[in-house]
Amino acid sequence: MKVVLPDATELELPDGATGLDAARAIGPKLAEQAVLLRSNGSVQDLRDPLEGGQQIQIITTRDTDDPDALYVLRHSAAHLLAEAVRRLYPGVKIAIGPPIENGFYYDFEFPEPIREEELEKVEAEIARELKEGREWSREEVDAEQAKRIFSEQGENYKVELVDTADGPITLYTQGDFTDLCRGPHLQNSKPIKALKLTSLAGAYWRGDEHNKQLTRIYGTAFYSQEDLDRHLERLEEARKRDHRRLGRDLDLFHLSEHAPGSPFWHPKGMVIWNALEDLRRQENLKRGYDEVKTPLLYDIETYITSGHYDNYKENMFFVDTGGEERMALKPMNCPGHMLLFGSELRSYRDLPIRYAESSTLHRNEPGGTLHGLFRVRHITQDDAHVFVTEDQIQDEIDGMIDFVTFLYNQFGVVARAELSTRPENRLGTDEQWDRAEAALEAALERHGMDYVISPGEGTFYGPKIDLHMTDVLGRSWQMGTIQLDYQMPMQFGLTYMGADNREHHPVVIHRALLGSLERFIGVLIEHYGGAFPFWLAPVQVRIIPVGETHRAAAAEIARGLREAGFRVDVDERDETVGKRIREGELEKIPKVIVYGDRESAESLSVRDRGGEQYQTGLVDLVRELATLRP
RNA sequence: GCCGGAGUAGCUCAGCUGGUAGAGCAACUGCCUUGUAAGCAGUAGGCCGUCGGUUCGAGUCCGACCUCCGGCUCCA
């Protein structure tokens, strides 16, 4: 048979030859360095037989940055971890151990809980394995055989995996350790030049909290020590952009144990908050939304009607009013907006009705989930509920996608869109779902947005589009959401009078575009690394008078800039110019003006963030700064 | 909520096997009169997260709780 190499030449091989055979045919060095085979974009184990006509590419230990090469390396590293743990902890059961972005993990059920300091011991055992060297062999077996092997070893998790596996069952063996595994794996452990166990965590078997919680050991591995060092450096750099750290360093906000999950916004953080609010308000008005304000506290009856009492109680804060009655803080704006819509007779001529509101929501998020500004209990969404007829859905969704694209473009942030479709348990007719899903998808298509479909992940009341962004440590957070809802208007008995002189239920679209202001600001802080663009910067211009005698003139310049609408402060502390410049730089202020004997209002000395300097007059500076506003 | 880790000055962190707490930066005071990323000196600052226990004695050992950090689950 013949296979095709990357340079389009053909290689003649005997039938049944493997990737490794192909590598040997090309050269012994290549065979030695080979780690896996890529064929038409998918990866394949070197020990797999090839098919005639197949396009092949041999990936080697020199492809140290190739994601697939790292993947296979880390997958094999995970097996070394499992072998080590099994040797050190008799009675341990092994579950699964895949490679992940930036590393790998393996889940175990330990007979006795283990502590983080024991990882060193495990690491030492792996080092010993690496020193001895391990070779992987691959074997294909049938399900019965595999189950027998693993039940003899008492590995019930593996037995369960075999039961749910599809396709051929493969086993990989290194030394005296055999694992159920799809592969691919390295030929041997030589390419693993750097390996580090990073953390210990609990993880539910099959990701289901009703199942037993296993112990997960995380680690990472590289083709060289330098690569590992670089990776650790990158992590360190990422931590410097962490919004929690920058929030304190730049004096934007703080969190207190007296109000867990509820940020205290400092004056400088409030500047950014208000800039977002201004943008939101201005655009909402342009796009036909009406701003409303509805109560924070409602009686339980309201939440029973909305379904929150049955479905969301665990996450709500209840308030004892002193008498019989209990009330609850709103976790969402929808019940209020339903009551508002229902407070008057509505005509089809009134629709769409677009209620926008960004008041405070409270959600009692579980303690272990709180996280800086990304997961809070005090939530402020740029929320809106739009009441439409079915015919208006398409245009309305379209407008929302346009809106959200506009907003994200203001900051140069990119979100990943996800379309969640009808779940098993749902309300409404299939025809309604067909139309609703089609409307969402058409809007995404029309705007040329990349999106993935999550089948069955819609809410029980309708499909939705969610927008996700990633933080500085690679964690994904949901930002904006657009949800179609046929049900809540019915629960609240909302109607409008149609052109046919009959009552109809409106459809409601729940939508938050930035998502929560808290989370969005968290993303912005990390996105800019604290160096906000001029229009968002809490302090836009700082003036540093060189000496005491320059303070009056500096104050005068500051007054002029403030009158022109800029945020200016003057650092007239009795510190050296060098020190004050350094601090301005650390505070990431976009423009620093040094004012001394050589300067005048006609000739100012301006320093850009980063160190670039130029001379300009006050009038020209005002003109320049005005162009930096959106 | 679950698993692991951590809470010492405003911030970053030292504090050994138990013997009454320390540095740098910040703050304050004085000197210097400052020119594009840290001038010099001094002073002050701590219920060692909270509560309980062991001990002659606890920052240090044990327990509970609170908060934070890394995961899991859940979510904007």
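Judged by distance alone, with hydrogens and angles left aside, A:Arg245 brings no side-chain donor or acceptor close enough to the base of B:C11 to form a pair under 3.5 Å. In the interface, the side chain of A:Tyr595 is not paired with the base of B:G35 through any donor and acceptor atom under 3.5 Å apart. With hydrogens and angles left out, the side chain of A:Arg375 and the base of B:C74 share a donor-acceptor pair within 3.5 Å. Within 3.5 Å, no donor on the side chain of A:Glu116 pairs with an acceptor on the base of B:G71, nor the reverse.
Checking the phosphate oxygens (OP1, OP2) of B:G70, a side-chain nitrogen or oxygen of A:Arg475 falls inside 4.0 Å. For B:A26, one of the phosphate oxygens OP1 or OP2 lies less than 4.0 angstrom from a side-chain nitrogen or oxygen of A:Lys579. For B:G10, neither phosphate oxygen OP1 nor OP2 lies less than 4.0 angstrom from any side-chain nitrogen or oxygen of A:Arg248. The side chain of A:Arg244 contributes an N or O atom lying less than 4.0 Å from OP1 or OP2 of B:C69. Distances shown here put a side-chain N or O of A:Arg115 below 4.0 Å from the OP1 or OP2 atom of B:G5. At B:C74, none of the side-chain N or O atoms of A:Thr369 fall inside 4.0 Å of OP1 or OP2 (strictly under the cut-off). Between A:His468 and B:C75 there is no side-chain N or O to OP1 or OP2 distance below 4.0 Å. Remark: A:Arg607 is in phosphate contact with B:A37, judged by side-chain N or O atoms under 4.0 Å from OP1 or OP2.
A tilted orientation is assigned to the rings of A:Phe222 and A:His231, their planes being inclined by 30° to 60°. Below 30°, between 30° and 60°, or above 60°: for A:Phe520 and A:Tyr408 the angle between ring planes is between 30° and 60°, a tilted geometry.
Where RNA chain B pairs in unbroken runs of 3 or more (Watson-Crick or G-U, both distances under 3.5 Å), the stems are B:1-7 with B:66-72, B:10-13 with B:22-25, B:27-31 with B:39-43, B:49-53 with B:61-65.
Ion pair A:Glu357/A:Lys293 not flagged as a salt bridge, since none of the NZ, NE, NH1 or NH2 atoms sits closer than 4.0 Å to an Asp/Glu carboxylate oxygen.
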